[in-house]
Amino acid sequence: MQNILNCPRCGKIFARGLREVCQDCHKKEEEDFQVVYKYVRKKENRMASISEVEEATGVDKKFIHKYIKQGRLHLASLPNLSYPCEACGAMIREGRICSNCNSNIKTDLERVDREKRFQDRKKRDDNSRNITYHTLKNKLD
């Protein structure tokens with residue numbers, strides 16, 4: 001059974017299948033993509049920024065960002081286009097997060113790993129101190 005949802009773009013009820021939006025909005029997004037693609041494909045427009053593309057095409061920059069993230073617009077020949085980092089919003093040209101957020105995540109993970117190793121070592125040391133050895137004395141009669 002398919003999920004029945006409201007389209008996040010227009011609010012109409014639709015059966016969600018492969019797409020996140022209704023058929024009408026999907027068609028509109030495809031038309032918008034073609035407008036953007038035709039604009040940036042022209043040699044004189046390849047140096048355009050997101051704001052310039054938005055102004056020239058009338059397509060909202062959040063959809064231009066979406067096309068870039070989907071890999072439909074290749075940034076290799078479009079040096080002034082970028083999209084926001086998912087963590088902090090800084091403009092990036094590849095991946096999902098910027099290098100700064102990436103290094104922060106790695107640092108945090110390393111810190112958590114060090115703390116876990118420390119706690120494990122502390123627990124082992126505490127357990128070794130609490131071991132009691134019992135011996136049986138032989139009574140000599």
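A quick note: this is a predicted structure, and the numbers were derived from the prediction, not measured.
Using a 4.5 Å heavy-atom threshold, the side chains of Leu73 and Val40 count as touching. Arg16 has its side chain out of reach of Ile4: every pair of non-hydrogen atoms, C-beta onward, lies at least 4.5 Å apart. Between His65 and Met91, some side-chain heavy-atom pair lies under the 4.5 Å cut-off. Side-chain contact between Gln23 and Lys12: absent, with no pair of heavy atoms (C-beta onward) separated by less than 4.5 Å. By the 4.5 Å heavy-atom criterion applied to side chains, Val59 and Val53 are not counted as neighbours.
When all heavy atoms of Asn80 and Ala48 are compared, the closest pair comes out as CB-O, 3.5 Å. For Met47 against Glu52, the heavy-atom pair with the smallest separation is O-OE1, 4.1 Å. Across all non-hydrogen atoms, the minimal contact from Cys22 to Cys7 is N-SG, 3.5 Å. Taking both residues in full, the closest heavy atoms of Gly11 and Asn6 are given as O-ND2, 3.0 Å, listed atom of the first, atom of the second, then distance. Residues Lys69 and Tyr83 share a closest heavy-atom pair of CE-CD1, 3.7 Å. Smallest separation of non-hydrogen atoms from Ser82 and Ile92: CB-O, 3.0 Å.
Taken from OH in Tyr39 to CD1 in Ile64, the straight-line distance is 10.0 Å, to the nearest 0.5 Å. To the nearest 0.5 Å, the span separating NE2 on His26 from CD on Glu31 amounts to 10.5 Å. Considering NZ of Lys61 and CD of Glu54, their distance stands at 5.5 Å, rounded to 0.5 Å.
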Checklist entry - Under the salt bridge (Lys or Arg N to Asp or Glu O under 4.0 Å) criterion, do Lys106 and Glu110 qualify, and how do the steps go? => result CA-CA 6 Å; Lys106 284 181 182 178; Glu110 289 168 356; over 6 Å; no
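Arg93 places a side-chain N or O within 3.5 Å of a backbone atom of Pro79 that can act as its donor or acceptor partner. Formation of a donor-acceptor pair under 3.5 Å by the Arg46 side chain with backbone atoms of Arg41 is found in this model.
More than 12 heavy atoms of other residues, nucleotides or ligands shown are found within 6.0 angstrom of CD on Glu30. In Glu55, the CD atom is not crowded: 12 or fewer heavy atoms of neighbouring residues, nucleotides or ligands sit closer than 6.0 Å.
Relative to the six-membered ring of Tyr37, Arg72 misses at least one condition, a distance below 6.0 Å or an angle of at most 45° to the axis. Seen from the ring of Phe63, Arg9 counts as a face-on cation partner, given the 6.0 Å and 45° thresholds.
Of the residues listed (Arg111, Lys116, Arg117), the one engaging Asp113 in a side chain to side chain donor-acceptor pair (under 3.5 Å) is Arg117, and it is the only one.
Under the 4.0 Å criterion applied to side-chain N and carboxylate O atoms, Asp24 and Lys28 are not assigned as salt-bridge partners.
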